[in-house]
Amino acid sequence: MRRFLITGGAGFIGSRIALRLQEFYPKAYILVVDNFSSGYFKTLYGFKGDILAGNIQDKEFWNYLKSQYTSFDAVFHNAAITDTTILDQKYMMEVNTNSMKHIIDACIKWDAKLIYASSAGVYGNTEAPMKEDKGLIPENVYGFSKLIADNIILNAMSQHIPLKAVGFRYFNVYGMGEQYKGKTASMIYQLAMQMKSGKKPRLFKWGEQKRDFVYIEDVLQANMKALERYEVSGIYNVGYGKARSFNDIVNILNKLMSTGYEVEYFDCPYEFYQNYTEADITKIKANLGYEPKFDLETGIEHYLKSLKVI
Ligand SMILES: NC(=O)c1ccc[n+]([C@@H]2O[C@H](COP(=O)([O-])OP(=O)(O)OC[C@H]3O[C@@H](n4cnc5c(N)ncnc54)[C@H](O)[C@@H]3O)[C@@H](O)[C@H]2O)c1
């Protein structure tokens with residue numbers, strides 16, 4: 001019987017991984033760990049596995065897990081402070097970075113492959129397309145916490161610690177399961193909801209900032225490939241591989257929802273704001289066989305249908 005542990009499994013991406021594993025491996029034992037700080041139980045409707053409420057920062061919690069479970073095939077680590085506007089540096093580093101050491105220890109004990117969520121935030125405002133080994137100048141403590149977590153993993157592997165690990169630097173993920181994230185949900189979701197409720201879409205001036213938007217199905221593809229290619233380790237960008245603007249999103253939504261909203265532009269209140277992100281996905285294509293299937297038009301259409309908006 002295969003055994004999987006998912007940290008942050010009540011969150012957007014973690015819950016989708018839990019449900020996809022359940023679908024692909026119906027006989028597997030699947031354990032979700034979450035402290036429900038930004039996650040929500042409703043993301044796990046339909047989940048038949050086990051759930052343990054706990055805090056990944058807590059060493060005693062990991063000792064408990066290690067004493068209760070003898071093995072896992074893989075640990076999908078997604079728990080994190082995900083609100084990138086949080087400025088409390090100590091808190092961010094404690095959750096997103098320090099916890100990595102407990103997780104590595106546990107993976108070594110269980111001989112489990114670690115498949116974890118890093119972020120495109122590690123690249124800050126450096127030149128796009130972003131490549132895994134350059135431009136590592138995060139602009140906020142969230143991106144910094146993820147970069148140091150990546151370094152901890154790379155150092156562990158370079159010291160020949162018997163660890164297999166894949167880190168995914170997600171770009172802007174959108175799709176089912178993010179509805180409970182409030183203001184940190186994707187702009188695609190927020191704009192769709194504004195327009196559905198009859199409000200004008202609102203964007204920072206002038207909507208031409210570009211992002212690499214990646215649909216949850218492609219993110220799941222990457223995770224399942226990392227599991228299938230069990231011997232492959234490394235850190236990889238996960239995006240669609242093409243930057244698109246916020247104005248593009250509004251145009252696509254208008255077309256799909258048969259509306260004709262004009263955008264209301266307003267000043268960006270943030271001192272730091274990424275203006276252009278685009279993933280270079282050469283490495284993940286070569287090493288994991290990742291092939292994104294959902295461009296922005298296809299992804300938004302699939303998403304709106306799942307949300308029953310169209
Ligand atoms: N969604 C994106 O666009 C995106 C982009 C880049 C990186 N990521 C990364 O992907 C991962 C998942 O993000 P998401 O969008 O699903 O966010 P999310 O906020 O929905 O999920 C994070 C989950 O972690 C849990 N959590 C937080 N602190 C915890 C703790 N101390 N102990 C146990 N559980 C804890 C939360 O309750 C939540 O369920 C995160 O690591 C995030 O940094 C996401």
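What you see is a predicted model; the values in this text were computed from it and never measured. Both ligands and their constituent atoms are indexed starting at 1 by order of listing.
Asp218 and Tyr240 are not linked by any side-chain donor-acceptor pair at a separation below 3.5 angstrom, with hydrogens and angles left out of the test.
Considering both main-chain and side-chain atoms, Phe12 comes within under 3.5 Å of ligand 1 through a nitrogen or oxygen pair. Inclusion of Ala79 in the set of residues having an N or O under 3.5 Å from an N or O of ligand 1 is not warranted. Checking only distances, Asn35 does come within under 3.5 Å of ligand 1, N or O to N or O. For the pair Gly14 and ligand 1, the shortest N or O to N or O distance does not fall below 3.5 Å. Residue contacts with ligand 1: Ala120 is placed with no nitrogen or oxygen under 3.5 Å of a nitrogen or oxygen of the ligand (distance criterion only). The shortest N/O to N/O separation between Asp34 and ligand 1 falls below 3.5 Å. No N or O atom of Tyr170 sits closer than 3.5 Å to an N or O atom of ligand 1. On a distance-only criterion, Ile81 and ligand 1 share no N/O pair closer than 3.5 Å.
Judged by distance alone, the side chain of Ser119 and the main-chain N or O of Gly121 form a donor-acceptor pair under 3.5 Å.
A search for side chain to side chain contact (heavy atoms under 4.5 Å, CB included) contacts involving Lys90 returns Asp88, Glu94, not counting sequence neighbours. Residues passing the side-chain hydrogen bond (donor to acceptor under 3.5 Å, both in side chains) test with Thr184, sequence neighbours excluded: none.
Counting only heavy atoms of the protein, atom 17 (O) of ligand 1 lies nearest to Thr82 CG2, 3.3 Å. Closest protein heavy atom to atom 11 (C) of ligand 1: Asn78 O, 3.3 Å. Closest to atom 28 (N) of ligand 1 among all protein heavy atoms lies Ser37 OG, 3.5 Å. The nearest protein atom to atom 14 (P) of ligand 1, hydrogens excluded, is given as Lys181 NZ, 3.7 Å; this is a heavy-atom distance.
Residue contacts with ligand 1 include Phe171, since one of its heavy atoms falls under 4.0 Å from the ligand.
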